[in-house]
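Following: one structure in structure tokens, then a few remarks.
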Number of protein chains: 2
Amino acid sequence: MINSEGFSGKAPTIYDIAERAGVAPSTVSRALSKPGRVNERTRSKIAVIAAELGYVASTQAQSLTTGRTGSVALLVPDVTNPFYFDIIRGTQLELRARGFTLLLIDTEESAEIELQTLRQLRRTADGLILAASRLTDQQLAEEARRQPLVTINRPAADAPTVLLDTPEVMVQAVDHLASLGHKSITYVSGPTGSWSNHRRWHAIEAAASKRDITVRKIGPYLPNTSSGAAAGDAAIGTGATALVAFNDLIAIGMLQRFKARGVRVPEDISVVGCDDIFGADFCNPPLTTIASPIERVGRVAVSMLMAQLDAKPGDAARKLAVIPTYLKVRNSTGPAPRNPD
Amino acid sequence: MINSEGFSGKAPTIYDIAERAGVAPSTVSRALSKPGRVNERTRSKIAVIAAELGYVASTQAQSLTTGRTGSVALLVPDVTNPFYFDIIRGTQLELRARGFTLLLIDTEESAEIELQTLRQLRRTADGLILAASRLTDQQLAEEARRQPLVTINRPAADAPTVLLDTPEVMVQAVDHLASLGHKSITYVSGPTGSWSNHRRWHAIEAAASKRDITVRKIGPYLPNTSSGAAAGDAAIGTGATALVAFNDLIAIGMLQRFKARGVRVPEDISVVGCDDIFGADFCNPPLTTIASPIERVGRVAVSMLMAQLDAKPGDAARKLAVIPTYLKVRNSTGPAPRNPD
DNA sequence: AGCGTAATGGCAACCGGTAGCCAAGAACCG
DNA sequence: CGGTTCTTGGCTACCGGTTGCCATTACGCT
């Protein structure tokens with residue numbers, strides 16, 4: 001209480017250790033960071049003193065000379081979107097295993113914040129992982145040229161990308177609905193700037209056209225449950241019997257809305273989501289959706305970034321990783337109603 | 001492609017700007033960080049050049065002299081636990097508004113990782129926010145003495161704390177169940193190391209004893225849905241009619257398990273959760289739970305931390321913030337069954 | 001005009017490490 | 001035993017900013 005500022009004085013530096021050990025600071029530095037470079041006896045003496053003092057190297061000082069900061073930034077459009085939970089976790093776990101720190105940024109679905117953060121972090125992070133970037137292709141390419149970057153669910157020239165293979169499985173979803181007798185499918189579109197949104201829509205369109213099924217699109221909607229509620233109302237208006245939503249958040253929002261309005265799922269209408277987020281298995285009814293090992297996406301993104309950081313000029317970096325996905329049928333899809341209005 | 005390393009050369013420094021502007025580096029530094037200190041014409045000239053070059057100050061270099069890193073670490077036991085997501089978001093938003101960066105750490109429910117990270121970050125972060133710390137009181141006090149710290153849902157000597165006032169509302173939950181005719185309540189306990197777990201249990205115990213209601217405790221269980229499923233089975237074994245769970249994750253896990261085993265909620269058994277996490281409103285049935293403005297918890301934690309950072313010796317810091325909570329009645333609670341086994 | 005004071009910008013030290021270069025001593029070799 | 005090479009540790013410059021101190025100039029005022 002005497003000194004409300006003084007958090008136990010200053011942290012010890014290599015100079016403190018050097019003094020105690022009777023060696024030069026540079027020796028301490030070497031003892032700690034390149035063990036082979038100094039005599040074993042000297043090294044262990046220094047190690048002991050460092051431990052006693054509770055020495056921790058200043059990462060900022062280190063990064064100043066080495067150019068490495070030991071941290072990687074992950075930019076997500078919305079931290080509260082459960083889809084990103086596992087990406088965050090996968091990233092964080094893999095990063096920690098490699099001795100890196102995670103800088104988490106919520107870009108609030110804004111390209112501007114994203115861009116500004118990207119610039120801000122140029123010096124601060126060794127590399128960036130962009131989940132569902134809202135930047136234009138050009139901006140993305142530009143940034144990729146400036147700093148090591150990996151994108152998730154968004155291809156970019158010059159930057160490695162991790163993709164969830166959801167479009168592939170959209171075909172299965174269409175087949176699933178077709179086999180249940182649905183003749184028409186309505187796609188509930190996500191945000192306009194989202195690349196995966198376009199990709200999913202095209203996949204559905206293509207799959208449907210091969211099967212004599214008509215498709216329609218409503219939206220765009222923000223990827224959250226309240227927007228999903230709005231989408232639910234819109235869907236009822238169109239008389240659709242089969243809905244494929246951009247993601248589970250929207251799908252769950254629709255489910256809630258349908259329940260509130262007395263529309264039965266799947267008797268009156270079938271709903272397919274995408275991502276298999278937390279909650280998809282216990283909503284009412286449990287949601288048929290497209291699942292994938294999302295945590296792995298984060299891990300893979302990290303390892304691709306690391307490969308990029310360690311790359312010698314001339315190394316051909318792996319540019320693309322596609323993570324498999326699969327259709328998970330639960331209770332939100334069922335036979336097409338006999339006589340739709 | 002010519003040079004896979006060279007991400008557009010080096011970032012510009014104040015020396016580059018100084019040269020272009022024909023002034024000394026120190027002038028550039030001042031122009032950028034203390035505008036009043038230099039002539040307005042000089043300042044604007046420098047500002048223009050800085051903008052042209054896309055200059056961004058190196059935070060590590062800055063922190064080296066100023067001692068401020070501009071980043072705050074948030075430690076959570078499990079990033080995939082939705083409860084923390086709004087805390088993360090609140091923290092991140094408030095931090096960004098104040099020009100700080102968020103370092104997110106998942107401690108994997110481990111006191112050891114928590115402690116190790118705390119040490120690691122001593123130099124790297126200006127302060128730490130510990131959500132649901134698993135440390136002992138002593139460890140916590142020790143760390144609080146070493147660096148600016150704020151805890152969430154965990155009181156600590158020497159560190160400001162943000163508390164959710166859930167125990168207060170546990171009383172309401174007990175009343176709610178009592179008014180529905182329940183004579184006995186079973187508390188489904190969370191992790192042993194969790195302070196809020198103890199606190200909630202004691203609140204229930206106290207409230208029940210005043211109302212001639214018997215209480216029981218089962219557990220401990222990990223705060224996730226699979227553990228909740230196990231808790232569900234255990235609860236069935238005890239013949240309980242009213243369950244209050246440590247948190248929503250456990251409650252939802254129980255709900256799922258009950259559904260699978262044909263136990264009707266709330267007809268056969270009532271369930272109360274805690275936290276009102278994402279999913280509590282759309283699970284089946286929607287969960288009666290204790291809600292609170294969780295995002296605000298994060299914001300308040302940040303502002304208490306900032307107050308601590310800016311404190312002059314002698315300032316009496318606010319040591320405790322209690323965030324109100326309230327009972328949200330949905331469909332998982334109902335009248336006690338007439339003739340329980 | 002003369003003097004005090006404020007405004008402005010440069011110099012240089014410093015923050016805490018890293019790394020290149022060099023010298024002293026040890027070990028090795030013919 | 002002299003010469004060469006290796007090992008080890010110190011010295012010093014440097015990374016990119018910040019800041020205390022000082023010199024210069026401009027300005028205000030009597």
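Quick caveat, the model's predicted, so the values are computed rather than measured. Naming convention: chains lettered A, B, ... in sequence-line order (proteins, then strands); numbering from 1 in each chain.
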Between A:E143 and A:R122, is there a salt bridge with N-O shorter than 4.0 Å?
yes
A:R134 pairs by side-chain hydrogen bond (donor to acceptor under 3.5 Å, both in side chains) with which of A:E108, A:E112, A:E109?
A:E109
Whole-Å distance separating the CZ atom of A:R41 from the C1' atom of C:dA26
15 Å
Quick one: the side chain of B:R30 and the base of C:dG10, do they pair up donor-acceptor inside 3.5 Å?
yes
So that I can tick it off, tell me whether B:R89 and A:D78 are bridged by a salt bridge, with the cut-off set at under 4.0 angstrom between side-chain N and carboxylate O.
yes
Do the charged groups of A:D86 and A:R299 touch, with an N to O distance under 4.0 Å?
no
What is the minimum heavy-atom distance between A:Q139 and A:L115, and which atoms define it?
NE2-CD2, 3.4 Å
Take atom CD in A:Q138; do more than 12 heavy atoms of anything else shown fall under 6.0 Å from it?
no
Contact boundaries of DNA chain D with chain B (under 4.0 Å, heavy atoms), 5' to 3'?
D:dG16 to D:dC21
I'd like to know whether A:E114 forms a side chain to side chain donor-acceptor pair (under 3.5 Å) with A:S133, so could you lay out the CA-CA distance, the side-chain angles of the two residues, the decisive distance to 0.1 Å, and finally the verdict.
CA-CA 8 Å; A:E114 198 176 333; A:S133 173; 2.5 Å; yes
Have a look at the helix from C:dA1-D:dT30 to C:dG30-D:dC1 and give the angle its two end axes make, five pairs each, rounded to 10 degrees.
40°
Pairs under 3.5 angstrom, nitrogen or oxygen only, protein versus nucleotides 13-16 of chain C, please.
unit_1	atom_1	unit_2	atom_2	d
C:dG16	N2	A:A61	O	3.4

Tell me whether B:T27 contacts the main-chain N or O of B:V23 through its side chain, where contact means a donor paired with an acceptor under 3.5 Å.
no
Main-chain N/O of B:V56 paired with A:R123 side-chain donor or acceptor, under 3.5 Å
yes
On DNA chain C, more 5' by nearest nucleotide between B:R37 and A:S26 is B:R37
Assess the residue pair B:T117 and B:Q120 against the criterion (side chain to side chain donor-acceptor pair (under 3.5 Å)); give the C-alpha distance rounded to whole Å, side-chain angles, the decisive distance to 0.1 Å, and a yes or no.
CA-CA 5 Å; B:T117 308; B:Q120 260 279 33; over 6 Å; no
Counting the atoms with a prime plus P, OP1 and OP2 as sugar-phosphate, which does A:S63 contact under 4.0 Å by heavy atoms, base, sugar-phosphate, or nothing?
nothing
